[in-house]
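Reading through the structure tokens given below for one structure.
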Amino acid sequence: MMNWRKTSQALMPVTTDTYQAPASGSYDLYPYAKLGDGKIHNGYDTLAGWMKDHKTILIDGYVGNDWEYIGASLEKELAAIGLKANITYTTSLMKSETEIDALVKPFIGEPGTVWGKRTTLSLKDLFDTGKLQHISISVDAINIIIGLGAALSGLKAPVVYVDLPKNELQYRMRARMANNIGKQQWDDNQETYKRFYFVDWVLLNNYKQQILSSIDVIADGQWKEQITWAKHQDISEGLQYISRNAFRVRPWFEAGAWGGNWMKDQINGLNKDEVNYAWSFEMIVPENGLVFESNGNLLEIAFDWLMMEHSQEVLGEDEQRFGIDFPIRFDFLDTFDGGNLSIQCHPTVKYIRENFGETITQDETYYILDCKEDASVYLGFQENIDPEVFRDVLEESVEKNEAIDIEQYVQRHPARKHDLFLIPNGTVHSSGKDNLVLEISATPYIFTFKMYDWVRLDLNGKPRPINIDHAFHNLDFSRKGNRVQEELISKQYVMEKGDDWQLVHTPTHAEHFYDIHRVEFTNSIAIPTDGKCHVLMLVEGKSVIVETANGFRQRYNYAETFAIPAAARSYKIINEGDTTAKVVKAFVK
């Protein structure tokens with residue numbers, strides 16, 4: 001724990017010298033793609049050395065970076081080589097906090113609520129046009145315009161973009177070292193995160209796409225006291241390579257009120273002193289990054305760089321539908337020796353579009369990667385459900401802070417390894433304790449309407465928000481009785497088979513836009529992409545080697561998520577273990 005980040009999780013190593021990659025079969029916390037020799041540079045001194053040949057530099061980037069620290073560090077390194085710096089911070093070019101608060105207010109909902117609506121503003125709307133046009137330029141120094149929106153200055157100068165991983169941004173937010181754009185006063189973390197999600201991230205991602213072609217250097221600001229950087233052209237070559245072969249994002253992990261111990265026990269390198277691990281962000285692409293390596297130096301960039309530059313190669317024919325938005329997410333829900341998730345549902349497409357500005361909704365499935373004998377999943381209503389009675393019981397539970405017998409209203413089903421439970425929008429559901437759920441879902445991930453949370457507090461000792469009204473605008477009460485078994489528990493069957501392999505279909509619901517297969521094989525199996533991106537995980541076995549038609553070769557271990565872009569065309573998966581390997585594959589229908 002440092003004063004500028006509040007978390008029990010370690011920083012990603014700056015170099016591979018300080019990180020011992022795990023043995024075959026062990027989960028890798030810091031997967032990276034090789035960029036080639038001499039491509040990633042380490043230290044403010046090396047960046048200053050590159051800057052010295054330019055009269056003006058625009059240092060732009062993502063929210064959460066400590067721009068004054070970066071500016072002071074570069075000023076110091078330039079002084080060491082006899083050069084003076086004239087620094088302008090973009091915070092001085094923005095509108096007032098009051099003006100910015102008024103602009104963003106329509107998008108952040110009421111204080112204390114969980115959701116807002118995706119902003120329609122642009123980053124430039126937060127700046128004072130007059131100040132942008134009158135930036136002081138010195139003829140006797142290297143001029144550095146630094147901070148969010150530096151490229152809005154319009155000056156013809158090289159652009160350095162300092163990226164910051166979303167997990168580190170949130171750790172800095174919790175330490176009150178990262179605030180919303182243009183904001184000096186501090187809100188609680190929920191309000192700050194909400195504004196990040198619905199305003200700041202939307203503005204900055206759109207802005208990054210606008211200035212993409214003018215960015216010369218990409219830097220990674222997550223270590224603060226250190227920095228790594230590479231030329232944009234070199235990063236683009238790395239992105240192009242993985243867009244035609246395979247990639248794995250860097251996962252990260254979070255504790256929660258219901259969290260368990262499976263990941264703590266099974267994944268080496270995680271802090272064992274953490275209270276629990278509820279989530280693993282395996283491939284929740286708005287939150288994850290891609291890591292590159294060169295000469296032992298590591299550099300992480302947000303996943304959206306890949307989609308902005310190579311969405312067609314990644315998604316193939318589905319790029320027309322989803323654009324630069326990656327449609328499928330994988331994450332873990334760990335309740336081993338933990339608690340039940342809240343009884344919840346997710347919004348309909350119409351509701352999420354009208355109320356939150358999203359284009360697709362949170363249609364989910366629960367794939368049971370592991371579980372104890374008595375594990376269960378709550379899914380669908382009892383046959384005799386009365387919506388009015390159910391609502392009255394829920395509201396009374398909140399009012400009196402009293403537990404209820406939820407099984408009078410919601411069905412509870414036994415969970416077994418490799419079961420698949422189907423959770424289209426509007427379906428009441430929850431994972432029970434003692435599961436390790438691989439949640440395969442559409443990408444949206446924060447729109448959960450909790451109706452009942454077992455009368456417990458969060459990790460800060462506060463009640464978690466209950467959203468009965470939102471839920472009852474979305475619940476499908478026809479998903480009840482025998483219909484639940486028939487429609488919401490996947491009926492798996494063998495589609496194809498050979499001497500040492502079989503392809504199992506684990507059908508999803510008609511409302512899911514994605515489908516799921518499980519490939520089971522002893523030795524190896526070849527799979528065509530058929531113009532689709534495949535998101536995969538080894539759900540049984542030690543490790544596999546993936547080889548693409550383009551000559552790429554990479555190991556993936558048990559419980560690791562990886563993706564094969566459409567442009568890979570075909571790939572072979574080779575089993576490295578002594579038992580049958582089982583790989584789950586999700587793709588757009």
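Only this structure's heavy atoms are used, side chains among them; waters, hydrogens and symmetry mates stay out.
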Q. Going by atom types only, do Thr7 and Gln9 share a side-chain donor-acceptor pair under 3.5 Å?
A. no
Q.
Is it the case that the ring center of Phe449 lies less than 6.0 angstrom away from the ring center of Trp115?
A. yes
Q. Is Asn86 reaching over with its side chain to a backbone N or O of Ala141, donor-acceptor style, under 3.5 angstrom?
A. no
Q) For Thr361 and Ile352, which heavy atoms make the closest approach, and how far apart are they? A) OG1-CD1, 3.7 Å
Q.
Nearest 0.5 Å, please: how far is CG in Asn467 from NZ in Lys450?
A. 6.0 Å
(Q) Please evaluate residues Ile145 and Thr90 with respect to the criterion side chain to side chain contact (heavy atoms under 4.5 Å, CB included), reporting the C-alpha separation (whole Å), side-chain torsions for both, the decisive distance (0.1 Å), and the verdict. (A) CA-CA 7 Å; Ile145 294 84; Thr90 60; 4.0 Å; yes
Q: Check whether NZ of the Lys or CZ of the Arg Lys166 lies under 6.0 Å from the centre of the six-membered ring of Trp201 and within 45 degrees of that ring's axis.
A: yes
Q: Calculate, to the nearest 0.5 Å, the distance between atoms NE2 and CD1 belonging to His134 and Ile137 respectively.
A: 12.5 Å
Q. Among all residues two or more places apart in sequence or in another chain, which pass the side chain to side chain contact (heavy atoms under 4.5 Å, CB included) test with Glu354?
A. Lys350
Q | Leu298 to Met12 - nearest heavy-atom pair and separation | A | CB-CE, 4.1 Å
Q. Can you name the nearest heavy-atom pair linking Pro286 to Thr443, along with the distance?
A. CD-CG2, 3.8 Å
Q.
If we count only N and O atoms by modelled type, under 3.5 Å, do the side chains of Gln222 and Glu300 hold a donor and an acceptor together?
A. yes
Q. Do the numbers put Arg248 on top of the ring of Tyr27, so that NZ or CZ is under 6.0 Å from the six-membered ring centre and no more than 45° off the axis?
A. yes
Q) Only one of Ile328, Leu315, Val314 clears side chain to side chain contact (heavy atoms under 4.5 Å, CB included) with Phe322; which? A) Leu315
(Q) Tell me whether the rings of His470 and Phe356 are parallel (<30°), tilted (30 to 60°) or perpendicular (>60°). (A) tilted
Q: Could you walk me through whether Asp318 and Lys532 pass salt bridge (charged side-chain N to carboxylate O under 4.0 Å, His left out), step by step?
A: CA-CA 7 Å; Asp318 297 312; Lys532 300 281 185 179; 3.1 Å; yes
Q. Where do Arg195 and Asp101 land on the salt bridge (charged side-chain N to carboxylate O under 4.0 Å, His left out) test, with the steps shown first?
A. CA-CA 10 Å; Arg195 185 154 153 179; Asp101 283 347; 3.0 Å; yes
Q.
Please report whether the ring centroid of Phe247 lies less than 6.0 Å from that of Phe562.
A. no
Q) Cationic tip of Lys224 within the cone over Tyr69's six-membered ring, i.e. under 6.0 Å and within 45° of the normal? A) yes
Q | Under the side chain to side chain donor-acceptor pair (under 3.5 Å) test, residues paired with His232 that sit two or more places apart | A | Ser236, Glu309
(Q) Surrounding NZ of Lys76 (heavy atoms of other residues, nucleotides or ligands, distance under 6.0 Å), is the total greater than 12? (A) no
Q | Axial cation check for Phe513 ring with Arg321, 6.0 Å and 45° limits | A | yes
Q | Shortest non-hydrogen separation from Pro347 to Asn425 and the atoms involved | A | O-CB, 3.1 Å
Q: Taking side chain to side chain contact (heavy atoms under 4.5 Å, CB included) as the test, write out the residues that go with Ala72, two or more places apart.
A: none
Q) Run the salt bridge (charged side-chain N to carboxylate O under 4.0 Å, His left out) check on Arg174 and Glu254 step by step: do they pass? A) CA-CA 13 Å; Arg174 294 168 194 172; Glu254 279 288 296; 2.9 Å; yes
(Q) Within the 3.5 Å criterion, strictly below it, is a donor on Ser96 or Glu99 matched to an acceptor on the partner's side chain? (A) yes
Q. Can Val162 and Ile59 be said to form a side chain to side chain contact (heavy atoms under 4.5 Å, CB included), step by step?
A. CA-CA 7 Å; Val162 185; Ile59 302 181; 3.8 Å; yes
Q) Is there a donor-acceptor contact under 3.5 Å linking the side chains of Thr113 and Lys194? A) yes
Q: Go through the steps for Trp305 and Tyr161 under the test ring-ring contact (aromatic ring centres under 6.0 Å, His included), then give the verdict.
A: CA-CA 12 Å; Trp305 291 85; Tyr161 191 96; 5.4 Å; yes
Q) Quick one: CG on Asn143 to OG1 on Thr88, what's the gap to the nearest 0.5 Å? A) 7.0 Å
Q | Distance-only polar pair, side chains of Asp363 and Tyr514, donor-acceptor under 3.5 Å | A | no
Q: Determine the minimum heavy-atom distance between Asn179 and Gln185, stating which atoms define it.
A: ND2-O, 2.9 Å
(Q) Is there a side-chain contact between Asp304 and Val285 in this structure, where contact means two heavy atoms from C-beta onward sitting under 4.5 Å apart? (A) no
Q: Verify the distance criterion only: is there a donor paired with an acceptor across the side chains of Asn245 and Thr548 at less than 3.5 Å?
A: yes
**Q.** Donor on one side chain, acceptor on other, His346 and Glu364, under 3.5 Å
**A.** yes
(Q) Could you go through Asp125 and Ser122, starting from their C-alpha distance and side-chain angles, then the distance that decides it, and tell me whether this counts as side chain to side chain donor-acceptor pair (under 3.5 Å)? (A) CA-CA 5 Å; Asp125 293 330; Ser122 68; 3.3 Å; yes
Q) Does NZ belonging to Lys117 count more than 12 external heavy atoms closer than 6.0 Å? A) yes
Q: Report the C-alpha distance between Ser280 and Glu282 in whole Å, list the side-chain angles of each, state the deciding distance to 0.1 Å, and finish with yes or no for side chain to side chain donor-acceptor pair (under 3.5 Å).
A: CA-CA 6 Å; Ser280 171; Glu282 287 297 306; 2.4 Å; yes
**Q.** Residue that, paired with Asn180, satisfies side chain to side chain contact (heavy atoms under 4.5 Å, CB included) out of Val63, Val104, Thr192
**A.** Thr192
Q. Between atom CD1 of Ile144 and atom OG of Ser138, what is the distance when rounded to the nearest 0.5 Å?
A. 11.5 Å
Q. Can Gln362 and Arg329 be said to form a side chain to side chain contact (heavy atoms under 4.5 Å, CB included), step by step?
A. CA-CA 10 Å; Gln362 200 163 321; Arg329 67 174 162 91; 3.4 Å; yes
Q: Quick one: sort the Tyr277 and Phe253 rings into parallel, tilted or perpendicular, breaks at 30° and 60°.
A: perpendicular
Q | Modelled atom types, side-chain donor and acceptor of Asn42 and Trp229, under 3.5 Å | A | no
Q: Answer yes if the side chains of Tyr19 and Asp28 hold a donor-acceptor pair under 3.5 Å, and no otherwise.
A: yes
Q: Establish, from distance only, whether the side-chain atoms of Tyr445 and Glu287 form a donor-acceptor pair under 3.5 Å.
A: yes
Q | Interatomic spacing from CD in Gln240 to CD in Glu313 - rounded to 0.5 Å | A | 7.0 Å
Q: Show your working on side chain to side chain contact (heavy atoms under 4.5 Å, CB included) between Thr561 and Leu536 and close with a plain yes or no.
A: CA-CA 6 Å; Thr561 299; Leu536 308 103; over 6 Å; no
Q. Counting only heavy atoms not in Gln233, do more than 12 fall under 6.0 Å of its CD?
A. no
**Q.** Minimal non-hydrogen separation, Asp331 against Leu333, with atom names
**A.** OD2-CD2, 3.6 Å
Q.
Please report the interatomic distance CG(Asn460) to CD(Gln190), rounded to the nearest 0.5 Å.
A. 11.0 Å
